[in-house]
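Below is one structure; the comments refer to it alone.
All values reported here derive from a predicted model rather than from experimental measurement. Counting starts at 1 for both ligands and their atoms, in listed order.
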Amino acid sequence: MTLMPESMPMVEVAASYVAGKWITEAPAETIDVTSPTTGEVLGSVGVAGPAEVDAAVAAARDALPGWGQTSPAERGAALGRLADALAARKGELADLTTAEIGSPRSWSTFGQVITAVGVLKAYAAITGDYPFCTTRPSMTGGTVLVRQVPVGVVGAIVPWNTPLFIAALKLGPALAAGCTVVLKPAPDAPLEFAVLTEAIEEAGIPDGVVNVVNGGAATGELLTGHAGIDKVSFTGSTAVGARIAAKCGSLIRRCSLELGGKSAAIVLPDAELDNTVPGLVSGVMGNNGQLCAALTRILLPRSRYDEYVVALTQAVAKLSVGNPADRSTDIGPLINEAARDRVEEFVSRAREEGATVLVGGERPDGPGWLVAPALVAATNDMEIAREEVFGPVAVVIAYDDTGEDDAADAVAIANDSRYGLVGAVWSSDSERAAAVAARLQVGSVAVNSTAVLDFASPFGGFKQSGIGREGGPEGIAGFVEHQVIIR
Ligand code: NAD
């Protein structure tokens, strides 16, 4: 059965969730949440102002001593119960993201929900054994105790594109470390957080450990600058990240940033075309191309450029575009009209700059903010190869594979970017591909796949793709202070 987005019930989400309760008093302001598929209003979300942010931060501060003193094993067990509670509602959550942000239903169970569950399960496994307290001999003959103590109250700011997954990447390490959290969802995608708070309650996580404030940039700024926040963990665009980092810098406030990307997939000359092309396409087009880790620059060896371009053009042309709730749809609508217009403008400027649009880029018959998935032949100096488009647009770039080191030019092009989030290398020799992967200035690289994230490993970017890591034991390090006791 096809679930039509318009069958979603109206959902009203309050401005804030504080100490285990949604605050139901009418907020001063609300924002409509509209379907990117039908334009219909799906619900509304309240906007948290100074009073709501104060209350949420106060609740997180009150809960901090108790949660910080629980054992790592208890915290790990709680994260495992949270993972189970979300997994039990995976269909409902996937429907919600499909309705709310147009995530194709064929993708949303894994991309939006299983990823979140996987990260939380990884923390359930990691936390009990994490070395929160270690000893070493001191230089003076005594003993040094090295403690990792919670950094405190975390302001966690989340984008709209994969809201639950990003929330899990913050909640997992923050709660594992013993921190308490005030989460701020994006105003375009707040609905899942109503389910998340129910799952938190079901998991028995004490009131006040996780609080939510809804709203846009103004609410985010109130949270970032609040005197009761010890650390800001931000995921979103590089432009907003720079603003948040400046604010945190002025306050000497801890801050980690997960930002944008313009990632490269390198096809080595020995890669088998049939095995590679489906991965190259899905690596760009997942979630309608609205993924920070989208592998949007496809680097092709000049010796095989023509055959790959033919195969990629055919594969992109075959993608089905339309209602994201229909499980046969590959590409749904972009989040809103402005995003659709922005992607169209990128494609149009690429043409003006001399790039060739091989397929797609036009506006299909609606409804919804659709853009036909596009493949663009360009060079790495063009805007379309340098800026994050955040839509279903793949760029193919030829590299010179004639030298003794036939990957040298590909590596140089891949690294010629202000971003450094992820990458992929495709080859029939996975050892060789892994050696090329190690030459990329990015946070993670997939070999012969698009799996650029491992649930139990650190995720984050080099260069302007961010500062810090979330995920895996290394992710916990961003939510602790080291305290040394020498005796
Ligand atoms: P965005 O930067 O516009 O907003 C992100 C969040 O910040 C939202 O909750 C927004 O309300 C809030 N915000 C906006 N202005 C703020 C301000 N001045 N102070 C505090 N908070 C503020 O990003 P978006 O459009 O929601 O998401 C898309 C972007 O996120 C893309 O650039 C994408 O690459 C990036 N992203 C990165 C990762 C990663 O892990 N590196 C993951 C997902 C998305």
Side-chain angles (χ1 to χ4, degrees), residues 31 33 36 45 47-48 53 97 100-101 103 111-112 115-116 119 155-170 172-173 182-190 192-193 212-226 229 232-248 251 253 255-263 284 286-296 334-336 338-339 342-343 387-391 417-422 442-444 452-453 458-471 475 478:
I31 299 175
V33 181
V45 58
V47 175
V53 174
T97 55
E100 183 187 56
I101 64 172
S103 211
Q112 299 285 7
T115 46
V119 167
I157 301 179
V158 172
W160 56 264
N161 66 325
T162 46
L164 261 191
F165 168 55
I166 300 297
L169 268 175
K170 299 186 182 312
V182 180
L183 267 175
K184 195 203 80 63
D188 313 78
E192 298 78 357
F193 290 80
V212 180
V213 290
N214 278 310
T219 305
E221 292 199 357
L222 286 171
L223 187 61
T224 308
H226 199 286
I229 293 289
V232 175
S233 166
F234 171 78
T235 299
S237 61
T238 296
V240 174
R243 205 180 153 98
I244 288 175
K247 179 73 184 176
C248 288
L251 297 168
R253 178 157 296 164
C255 171
S256 55
L257 306 168
E258 299 275 2
L259 308 175
K262 192 73 197 178
S263 300
V284 193
N287 208 29
N288 313 327
Q290 300 167 125
L291 288 176
C292 59
L295 292 152
T296 47
L334 297 177
I335 183 73
N336 54 35
R342 189 171 168 273
V343 171
E387 299 300 327
E388 187 180 46
V389 175
F390 228 55
S417 172
R418 71 186 166 110
Y419 294 112
L421 192 56
V422 302
V442 298
S444 51
V452 288
L453 183 126
F459 182 74
F462 286 25
K463 300 192 270 186
Q464 289 192 20
S465 287
I467 297 175
R469 296 290 181 272
E470 288 167 353

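- At under 3.5 Å, not a single nitrogen or oxygen of Phe390, backbone or side chain, sits near a nitrogen or oxygen of ligand 1.
- When heavy-atom distances to ligand 1 are checked against a 4.0 Å cut-off, Thr235 comes that close through both its backbone and its side chain.
- In this structure, Ala239 falls outside the shell of residues with a heavy atom less than 4.0 angstrom from ligand 1.
- Looking at atom 21 (N) of ligand 1, its nearest protein heavy atom turns out to be Gly220 CA, 3.5 Å.
- The protein does not reach atom 4 (O) of ligand 1 closely, with no heavy atom under 4.0 angstrom from it.
- Of the heavy atoms in Pro187, only side-chain atoms (C-beta onward) come closer than 4.0 Å to ligand 1.
- From the protein, the heavy atom lying nearest to atom 32 (O) of ligand 1 is Glu388 OE1, 2.7 Å.
- Here the side chains of Leu259 and Gln464 are not in contact, with every heavy-atom distance at 4.5 Å or above.
- Backbone and side-chain nitrogen or oxygen atoms of Thr224 are examined, and none is located within less than 3.5 angstrom of a nitrogen or oxygen of ligand 1.
- With a 4.5 Å cut-off on side-chain heavy atoms, Phe234 and Cys255 do not count as touching.
- Here the side chains of Phe193 and Val158 are in contact, with some heavy-atom distance below 4.5 Å.
- Neither the backbone nor the side chain of Gln290 has any atom closer than 4.0 Å to an atom of ligand 1 (non-hydrogen atoms only).
- The protein non-hydrogen atom at the shortest distance from atom 13 (N) of ligand 1 is Val240 CG1, 3.9 Å.
- A donor-acceptor pair shorter than 3.5 Å can be found between the side chains of Ser233 and Glu470.
- Only side-chain heavy atoms of Ile166 come within less than 4.0 Å of ligand 1; its backbone N, CA, C and O stay farther off.
- The local environment of NZ in Lys247 is sparse, with at most 12 non-hydrogen atoms from other residues, nucleotides or ligands closer than 6.0 Å.
- Here the shortest heavy-atom distance to atom 2 (O) of ligand 1, taken over Ser465, Ala189, Ser237, Gly216, belongs to Ser237.
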**Request:** Show your reasoning for whether side-chain hydrogen bond (donor to acceptor under 3.5 Å, both in side chains) applies to Gln112 and Thr162.
**Result:** CA-CA 6 Å; Gln112 299 285 7; Thr162 46; 5.1 Å; no
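- Within the 4.0 Å heavy-atom criterion, both parts of Glu221, backbone and side chain, lie near ligand 1.
- Checked by atom type, the side-chain pair Lys170/Thr235 shows a donor-acceptor distance below 3.5 Å.
- For atom 38 (C) of ligand 1, the candidate residues are Gly236, Cys292, Pro159; the nearest heavy-atom contact is made by Cys292.
- Considering backbone and side-chain atoms together, Asn161 places no N or O closer than 3.5 Å to any N or O of ligand 1.
- Around CG of Leu251, the count of heavy atoms belonging to other residues, nucleotides or ligands within 6.0 Å exceeds 12.
- With a 4.0 Å heavy-atom cut-off, ligand 1 is reached by the backbone of Val158 but not by any atom from C-beta on.
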